[in-house]
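The shown structure was predicted, so the numbers you read here are calculated from the model rather than taken from an experiment.
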Amino acid sequence: MTTAKQEIMDTRQLYSGLIRLHILHHAAREGIFGLGMIEELARHGYKLSPGTLYPVLHGLEQNGLLRSEEHNLAGKIRRVYRATPAGQRVLKAAKEQVRELFGELFEVEPLIELPRTRTRVVALQAANYRKRRAGNATL
């Protein structure tokens, strides 16, 4: 396998969990269907084919995180997926974990000498977030 192909595979593996969480997020808010999620993910730069998305939806359903029903929408039969109570609990826990991990991933060392630029605001927000997390850990 060439380096470019390997890089694409590595990228897909990295993003696959994020895509699953994004699907679960939307399914917790409202009913979703395959084509609608393909379009939604494309808005965020993820180009998934039905052959990629539907196995993800089926896997989430088999794991008890989604449930589906057939609905007649504008004369078309669509399988509509919604998050189950277990899916909603998993999503809630995942949000906390993602917040923690991404807080560290985007952590910026305080830049005291910089004026109040966007970078400085983000650094201050990250520092405040770390302080709040540290305070909550002692409760």
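Pairs passing the salt bridge (charged side-chain N to carboxylate O under 4.0 Å, His left out) check and including a residue from residues 33-54, sequence neighbours excluded, read Glu40-Arg43. For the ring-ring contact (aromatic ring centres under 6.0 Å, His included) condition, the pairs that include at least one residue of residues 19-45, sequence neighbours left out, are His22-His26, His22-His44. For residues 51-77, every residue pair satisfying the salt bridge (charged side-chain N to carboxylate O under 4.0 Å, His left out) rule, not counting sequence neighbours, is listed here: Glu70-Arg79.
Within the model, atoms CG of Leu24 and CG of Leu91 stand 4.5 Å from one another, a figure rounded to the nearest 0.5 Å. Atom OG1 of Thr84 sits about 5.5 Å away from atom CG of Leu65, to the nearest 0.5 Å.
Counting heavy atoms from C-beta outward, His71 and Ile77 have side chains that stay 4.5 Å or more apart. Between Ile32 and Leu57 there is a side-chain heavy-atom pair separated by less than 4.5 Å. Between Thr52 and Ile38 the shortest side-chain heavy-atom distance does not fall below 4.5 Å.
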- Message: Assess the residue pair His58 and Tyr81 against the criterion (side chain to side chain contact (heavy atoms under 4.5 Å, CB included)); give the C-alpha distance rounded to whole Å, side-chain angles, the decisive distance to 0.1 Å, and a yes or no.
- Response: CA-CA 10 Å; His58 297 156; Tyr81 297 84; 3.4 Å; yes

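Here the shortest heavy-atom pairing between Phe102 and Leu18 reads CZ-CD2, 4.1 Å. Nearest heavy atom pair, residue Val98 against residue Leu21, reads CG2-CD1, 3.7 Å.
Under the 4.5 Å side-chain heavy-atom criterion for ILVMFWY residues, a single connected hydrophobic cluster contains both Val56 and Tyr15.
Judged by distance alone, with hydrogens and angles left aside, the side-chain atoms of Ser68 form no donor-acceptor pair with the main-chain N or O of Val80 at under 3.5 Å.
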